[in-house]
Novice: 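A single structure is presented below for examination.
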2 protein chains.
Amino acid sequence: MTVTERSRATREKLEDAALNVLQAEGIAGLSARTVADRAGQNQALIFYHYGTLAGLIDAACRRSAEVSTARYRDQLARVATFADLLAVGRRLHEQERELGNVRVMAQLLAGAQQDDALAATARFCLERWQGEIEPVVRRLLRDSPLALVVDAPALARTISAGFVGIELYEGADPDGARDALEALQRLGAVLEAIDDLGPVGRRALRSVLRRAGKSRGET
Amino acid sequence: MTVTERSRATREKLEDAALNVLQAEGIAGLSARTVADRAGQNQALIFYHYGTLAGLIDAACRRSAEVSTARYRDQLARVATFADLLAVGRRLHEQERELGNVRVMAQLLAGAQQDDALAATARFCLERWQGEIEPVVRRLLRDSPLALVVDAPALARTISAGFVGIELYEGADPDGARDALEALQRLGAVLEAIDDLGPVGRRALRSVLRRAGKSRGET
DNA sequence: GTCTATAAGATGATAGAC
DNA sequence: GTCTATCATCTTATAGAC
């Protein structure tokens, strides 16, 4: 094992540990010591390799976002209907939740409120997911009457925010979060049914659009 | 000013400051010192009055939840349609967001992941809001075909989780969060249109229900 | 690159004067 | 009830030996 290989292994252990701490102890439990201990590494190595603790978090979360998004790229590319998207989304959420990645994202966003460095990291991860989800949503909206109501960037962000909200709810009320997710999925299925209504759905949506516009004082 | 009045004033200052810190610096920036400094009070008073820092947070958040929920009780009671609920929800979210209460809730939920005391506090606040929203949703669902798809407790929790998710998104990407909220409101308006479709909507919903049930392997 | 040791300060919580 | 002073511990970060 050469010197550079060893340092690479050290960095990898530190980054993995950083994600583990974020997942298990939250942003409030994060410190150079908790991470280094979990990695089985010396605490001073964090500052040697990353300068600051935020630097390590940034590296860890960016790498994690790359890996996570790549994991579903193929599945998302094959999505053909909103029902497909719901099904893939459900699998994705379940799997990423078990890996702790949704929780990491939630903690990152919670910390981003006060910390500019964490905010930049969070923005990067959010954008990474947006880059995967938005094209799929855009493709689905092309043939859907729902395009009259929402655009792809906004809908993709709504989906991400929904996952984060459910995950936070989960920590305080696991049963309630499960019910909420189930309801969200069912409502998504209802929205998809609009597609199947054809001209009737399109007419209904137009009427909704008119009323929604009026209630916000638009012309 | 009697002795008891002064102590009541001290506790009030501490509790207000606790909420301010949670809102401005997040759960990671919370400490007995940051709270006491912001309150202009001695740090040791926190432990005299509440035993622990978590005790102060609990008292502060419970009081805040009582006040916040009471603020909208009348408006929520007068809600007659899902469109009304969306409108009230929008005003409520905007106002509570400006007061910082949505952010406090988000930070509380983020901290609840690792801290049992904070989790109990978060559960109380969540239940408090649930107690206000659920009856309204239940009332609306009574005359809606949507009742075929979701029940009141789950839908109420979905709404709460959505607000929390959007708020966290807001810290990292304010413009994106605004778009996501807008999309969410428009989709809500679409769901409400199901009501106006009458028998057609009901038939569409039944077909959705069948497919949703099948995809989850139910009979 | 990795280690020990340490600086300089923050943290939750307590003891005891007033 | 409120204050000062203090505890033991934890924090980020650095210096310097290896």
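Here the structure is a predicted model, which is why all the values come from computation and not from measurement. Quick note on labels: first sequence line is chain A, next is B, and so on, each numbered from 1.
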Novice: Answer yes when B/D16 and B/R63 have at least one side-chain N-carboxylate O distance shorter than 4.0 Å, and no when they do not.
Specialist: yes
Novice: With under 30° as parallel and over 60° as perpendicular, where do the rings of B/Y72 and B/W129 fit, or are they tilted in between?
Specialist: tilted
Novice: A/L126 and B/Y169: side chain to side chain contact (heavy atoms under 4.5 Å, CB included), yes or no, with the steps?
Specialist: CA-CA 9 Å; A/L126 245 30; B/Y169 209 109; 3.8 Å; yes
Novice: Between D/dT2, C/dT4, C/dT2, which nucleotide has the shortest distance from any of its atoms to the side chain of A/R6?
Specialist: C/dT2
Novice: Using a strict threshold of under 4.0 Å (side-chain N to carboxylate O), is an ion pair present between A/E134 and A/R138?
Specialist: yes
Novice: Nearest whole angstrom, please: distance from the C1' of C/dG1 to the NE2 of A/H49.
Specialist: 6 Å
Novice: Round to a whole Å and report the spacing from CD of A/E12 to P of C/dG1.
Specialist: 15 Å
Novice: Looking at A/D58 and A/R62, is any side-chain nitrogen of the basic one under 4.0 Å from a carboxylate oxygen of the acidic one?
Specialist: yes
Novice: To the nearest Å, how far apart are B/Q41 CD and D/dG1 P?
Specialist: 13 Å
Novice: Can you name the nearest heavy-atom pair linking B/I133 to B/A156, along with the distance?
Specialist: CG2-CB, 3.8 Å
Novice: Could you identify which residues of residues 13-20 of chain A place a heavy atom less than 4.0 Å from some atom of DNA chain C, listed by residue number, or say none?
Specialist: none
Novice: What is the separation between atom OH on A/Y50 and atom P on C/dT2, rounded to the nearest whole Å?
Specialist: 10 Å
Novice: Taking 4.0 angstrom as the limit, do A/R8 and A/E12 come out as a salt bridge?
Specialist: yes
Novice: Between B/E96 and B/R71, is there a side-chain N and carboxylate O pair less than 4.0 Å apart?
Specialist: yes
Novice: Any side-chain heavy atom of B/S68 within less than 4.5 Å of one from B/L99?
Specialist: no
Novice: Does B/T10 have a side-chain nitrogen or oxygen under 4.0 Å from the phosphate oxygens OP1 or OP2 of D/dT2?
Specialist: yes
Novice: What is the distance, rounded to the nearest whole Å, between atom CD1 of B/I46 and atom C1' of D/dT2?
Specialist: 13 Å
Novice: Nearest whole Å is fine: how far is D/dT11 C1' from A/E25 CD?
Specialist: 15 Å
Novice: Indicate whether OP1 or OP2 belonging to C/dA10 is found under 4.0 Å from a side-chain N or O atom of B/S31.
Specialist: no
Novice: Can you build the contact string for nucleotides 13-18 of chain D? Use B for base contact, S for sugar-phosphate-only contact, and - for no protein heavy atom under 4.0 Å.
Specialist: BB----
Novice: Salt bridge or not for A/R186 and A/E182, using N-O below 4.0 Å?
Specialist: yes
Novice: So if I take the C1' atoms of five pairs at each end of the helix from C/dG1-D/dC18 to C/dC18-D/dG1 and get each local axis, what angle do the two axes make, rounded to 10 degrees?
Specialist: 0°
Novice: What integer distance in Å separates B/E5:CD from D/dG1:P?
Specialist: 12 Å
Novice: To the nearest Å, how far apart are B/R11 CZ and D/dT2 C1'?
Specialist: 13 Å
Novice: Looking at A/R157 and A/E127, is any side-chain nitrogen of the basic one under 4.0 Å from a carboxylate oxygen of the acidic one?
Specialist: yes
